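First listed ligand is number 1; within each ligand, the first listed atom is number 1. On a predicted model such as this, the values are computed, not experimentally measured, just so you know.
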Amino acid sequence: MSFMDYLGFDRSAGLYASNSQEDFLNHNWQDKNSVIRIEQLEAVLRDTAPASIVSEIRDGLKKVGMSIRLNPYMMDLIDWRNAETDPIRRQFLPMLSELEPDHPCMSVDSLEERNTSPAPNLVHRYPDKVLFLVTSVCPVYCQYCTRSYAVGQDTEKVRKDNVTSANGWAAALEYIRSNPTIEDVVVSGGDIARLKPANIKALGHALLDIEHVRRIRFATKSVSVLPMKFLTDEAWFSAIVEVAQRGRQMFKSVFVHTHFNHPREVTPLVEKAMRRLFSEGIHVRNQAVLLRGVNDDPETLIELTKKLGRVNIQPYYVYSCDMVLGTEHFRVRVPEMQRLEREVRGATAGFNTPLFIVDAPGGGGKRDVHSYEYRDDKYGISGYRSPSVDPNRMFYHFDPLRELEAGARAEWRAPGGREAILQRLGILRPESVAAE
Ligand code: SF4
């Protein structure tokens, strides 16, 4: 097979054309040759992109909460001739000129995961579900990451929390064992692509051994950004298959959750990885994030939905971009998200149509974008109730400032403006707003 057959684009025009096909299609080679420092990016792009692009990224990185990590496969998916507007570049490599000042209600942990952590590495918000954070590293680093308080390297803006290694999982497992209401465990981080096969097996079997745990979800973006992981890392792939097979025998589900945002990411190599997963009976769901300049138009979202369906990935969610520091330029206002949902619904079968979700700041959890019970158009505020989390509390989401009329925008940005607006509206308890 040629590179065109694997990648869906002609790699002879790519950045790593002098490397062999065998290397390029190997997960280890991809990891080892990932760009993690600006000097490496500069070296790789020397003959391809103007120096001004790297300089913009260097300055952008000083303002955001996420470090960079991008492997050759993803570097080659970027159209460097149109780097400023390229939807893949935009997700991973921030350019100073595209960044916008943070909304005053943004924070480094907008979902307040750290406030609902009963044991190290565990987030317990919904009665029957926990989030088990097993690592703080990923094959790539997304600039809009919800968990920028812990994932990746420290940046000038954010010092990262520690997520403990496999040695520190015992307390979290004990908490799950002693809480029979917990049926559902999301194993995430970070990304399970970075776990050793032995740790995937140990954790997977330990969870399956807990009688009340009925569902395990392994979260990995590698289906989209490192599909060769499923083709050349036999021990790792076999570990997932082993846990999934045992789960099936026990009448428990072990699924993979992944993360595609743009149709260009669904390459022939992804199809090859999915054929392997599908043949082992492993179900894969996608959780996309709605990102301005990446996928915030109906055509792109419909194409993404259909391409995922064709490789047997269920398009499960489209999330609003969380209100995390450094992400204002990615955010889309709630009414626009509702419009996009209406455009996408009906384009394909209902079971393959994603739910458009606001993960309510402050820890309200996932709410249907249409389900707000309070709306203030002038200040761009939507209030969501979440009875299973807290029946007495409203959780508020704030539209990006660029979308408001000039007067309201100036009020938000004035010193003390946030407190003045919230007080005047009389709708917010201080603890209802995620801010630091
Ligand atoms: S793969 Fe997920 S956890 Fe990792 S940086 Fe991207 S969004 Fe964050």
Side-chain angles (χ1 to χ4, degrees), residues 27 30-31 34-36 60-61 64-71 73-75 77-78 87-94 106-111 113-114 117 121-123 131-155 157-158 160-164 186-195 217-230 236 255-262 265 270 273 284-292 294-295 304 313 316-327 329-331 357 359 366:
H27 69 282
Q30 289 288 334
D31 273 341
S34 290
V35 167
I36 56 172
L61 280 170
V64 295
M66 290 300 289
S67 52
I68 55 171
R69 183 178 183 95
L70 208 55
N71 59 29
Y73 171 72
M74 293 305 289
M75 285 286 291
L77 266 192
I78 294 170
I88 314 288
R89 191 282 304 157
R90 202 169 153 86
Q91 295 176 62
F92 304 103
L93 301 168
M106 277 174 144
S107 71
V108 72
D109 175 18
S110 75
L111 305 184
E113 293 185 336
R114 291 177 294 188
S117 178
N121 303 354
L122 209 64
V123 177
L131 171 63
F132 201 145
L133 302 174
V134 290
T135 173
S136 60
V137 281
C138 303
V140 299
Y141 291 138
C142 316
Q143 285 300 311
Y144 49 86
C145 181
T146 302
R147 222 152 279 133
S148 66
Y149 66 86
V151 169
Q153 306 298 315
D154 288 346
T155 68
K157 275 205 106 165
V158 178
K160 309 286 167 153
D161 285 5
N162 269 337
V163 172
T164 56
V186 181
V187 181
S188 185
D191 191 307
I192 65 140
R194 309 297 295 187
L195 286 192
R217 294 180 250 170
F218 282 128
T220 177
K221 193 169 166 69
S222 59
V223 186
S224 117
V225 297
L226 188 64
M228 47 286 278
K229 183 83 177 163
F230 296 86
W236 182 83
F255 286 8
V256 168
H257 275 211
T258 194
H259 176 188
F260 288 78
N261 289 329
H262 192 274
E265 295 159 6
V270 167
V284 181
R285 297 191 186 111
N286 189 60
Q287 304 189 166
V289 180
L290 185 65
L291 299 168
R292 183 167 155 266
V294 174
N295 57 13
L304 175 65
I313 297 174
Y316 174 38
Y317 278 155
V318 173
Y319 283 98
S320 62
C321 178
D322 288 325
M323 296 192 64
V324 176
L325 294 177
T327 63
H329 62 298
F330 280 127
R331 300 198 311 116
I357 294 296
D359 211 343
K366 296 164 192 69

- Side chains of K229 and Q30: closer than 4.5 Å at any heavy-atom pair? no
- Do me a favour and list the nearest non-hydrogen protein atom to atom 8 (Fe) of ligand 1 with residue, atom name and distance? C145 SG, 2.3 Å
- Message: Give me the nearest non-hydrogen protein atom to atom 4 (Fe) of ligand 1 as residue plus atom name, then the distance to 0.1 Å.
- Response: C138 SG, 2.3 Å
- Query: Looking at T327, D322, D109, which hits side chain to side chain donor-acceptor pair (under 3.5 Å) with T146?
  - Reply: D322
- Heavy-atom donor-acceptor pair, Q91 side chain to V294 backbone, under 3.5 Å: no
- Query: Quick one: which ligand 1 atoms are inside 4.0 Å of a heavy atom on K221?
  - Reply: 1 (S)
- Query: Would you say the side-chain atoms of N286 and T258 include a donor-acceptor pair closer than 3.5 Å?
  - Reply: no
- Query: For G190, does its backbone N or O pair with a side-chain atom of T135 as donor and acceptor, under 3.5 Å?
  - Reply: no
- Query: Checking only N/O/S atoms, does H259 have one that is under 2.8 Å from atom 6 (Fe) of ligand 1?
  - Reply: no
- Message: Regarding C142, does it place an N, O or S atom less than 2.8 Å from atom 8 (Fe) of ligand 1?
- Response: no
